[in-house]
Enquirer: 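My questions will all concern the structure given below.
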There are 2 protein chains.
Amino acid sequence: MDTETALSALAALSHESRLAAFRELVQAGPEGLSVGELRERLDLPPATLTAHLNGLRTAELVQDQREGRVIRVRANYPQMNALIAYLTENCCAGATNCGPNSVCIPSTNGGQT
Amino acid sequence: MDTETALSALAALSHESRLAAFRELVQAGPEGLSVGELRERLDLPPATLTAHLNGLRTAELVQDQREGRVIRVRANYPQMNALIAYLTENCCAGATNCGPNSVCIPSTNGGQT
DNA sequence: TCGATAATTCCAGAATTATGGAATTAATGC
DNA sequence: GCATTAATTCCATAATTCTGGAATTATCGA
């Protein structure tokens, strides 16, 4: 993932409603949710939800598929994963001991504190 | 890390100049950089850089320390790591096979597609 | 075709964030 | 005290993002 794409994804997730929407979609699993279900859970006016969904769509963090009158939205897990990979690389500057479960130390000092 | 803190960190990183500043600090390692060095590298007016640094400070993604007339800024690696952990949990909904080097699939379907 | 439902786009006002010059604070050396 | 350097805050303008009502598009069933 390049920096421009990462910025787009970070911007998409940096708003309360959009992060909440994305979390709902992740919890919903591969089935995703219809826009209507999402709207009920988040309790947002239709136009507002669409605007936020468009932010997530631009960042390619979600994908959708029309099913009749309903549009089903799914979290794009690989894209989210790519964002985490980007942040991990930028957090650790290439150190190998880095990740969510380790303390993040740059490689330039061999991991000492 | 709670959602409010994550939102603050995501917002801080979702701007070109701030992400660039943070990357410079990560690459600089534990020594960090003075505000002046950062200013030269990013080529920003002083007031603009300060405004962006304040965003990173509020999110506790950087910490600083005055050394005489100079203020030294360092990346706060644990905070960045906590953000990555938060995103990993929210990306994967608790699945164990998740991380920057694996495909991110929620746990609700056992990893099948 | 018509009516109902789902979701979107359009658009304008409100709110927030970004930008950077000028003034200010902080520290140092003479 | 005074000049110098480093960085900040102050403040006003510019730019962007957010919000949501109203109109529009898309699909379906009768």
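Residue numbers begin at 1 in each chain, while the letters A, B, ... track the order of the sequences.
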Enquirer: Is a salt bridge present between R72(B) and D64(B), judged by a nitrogen-to-oxygen distance below 4.0 Å?
Expert: no
Enquirer: Students often get this wrong, so: under 4.0 angstrom with heavy atoms, is R72(A) touching a base, only sugar-phosphate, or nothing?
Expert: nothing
Enquirer: Rounding to a whole Å, what distance do you find between L53(B):CG and dA6(D):P?
Expert: 16 Å
Enquirer: Would you sort out whether T5(B) and Y86(B) count as a side chain to side chain donor-acceptor pair (under 3.5 Å), showing the intermediate values?
Expert: CA-CA 10 Å; T5(B) 307; Y86(B) 178 94; over 6 Å; no
Enquirer: For E40(A) and dA6(C), what is the distance between atoms CD and C1' respectively, to the nearest whole Å?
Expert: 12 Å
Enquirer: Establish, from distance only, whether the side-chain atoms of T3(A) and R23(B) form a donor-acceptor pair under 3.5 Å.
Expert: yes
Enquirer: Kindly say if N54(B) contacts the phosphate of dA7(D), meaning a side-chain N or O under 4.0 Å from OP1 or OP2.
Expert: no
Enquirer: For R74(B) and Q65(B), does a side-chain donor sit closer than 3.5 Å to a side-chain acceptor?
Expert: yes
Enquirer: Strictly under 4.0 angstrom, non-hydrogen atoms only: write out the protein contact profile of nucleotides 12-30 of chain D, one letter per nucleotide from the 5' end, B, S or -.
Expert: ------SBBB-----BB--
Enquirer: Expressed in angstrom and rounded to an integer, what is the separation of R57(A) atom CZ from dT9(C) atom C1'?
Expert: 12 Å
Enquirer: Got more than 12 heavy atoms from elsewhere within 6.0 Å of CD, E4(B)?
Expert: no
Enquirer: Round to the nearest Å and state the distance from D64(B) atom CG to dA7(D) atom C1'.
Expert: 11 Å
Enquirer: Over how many whole Å does the gap from L49(B) atom CG to dG20(C) atom P extend?
Expert: 12 Å
Enquirer: Please say whether more than 12 non-hydrogen atoms of neighbouring residues, nucleotides or ligands are located less than 6.0 Å from CG in D43(B).
Expert: no
Enquirer: What's the CD1-P distance between I71(A) and dT9(C), to the nearest Å?
Expert: 9 Å
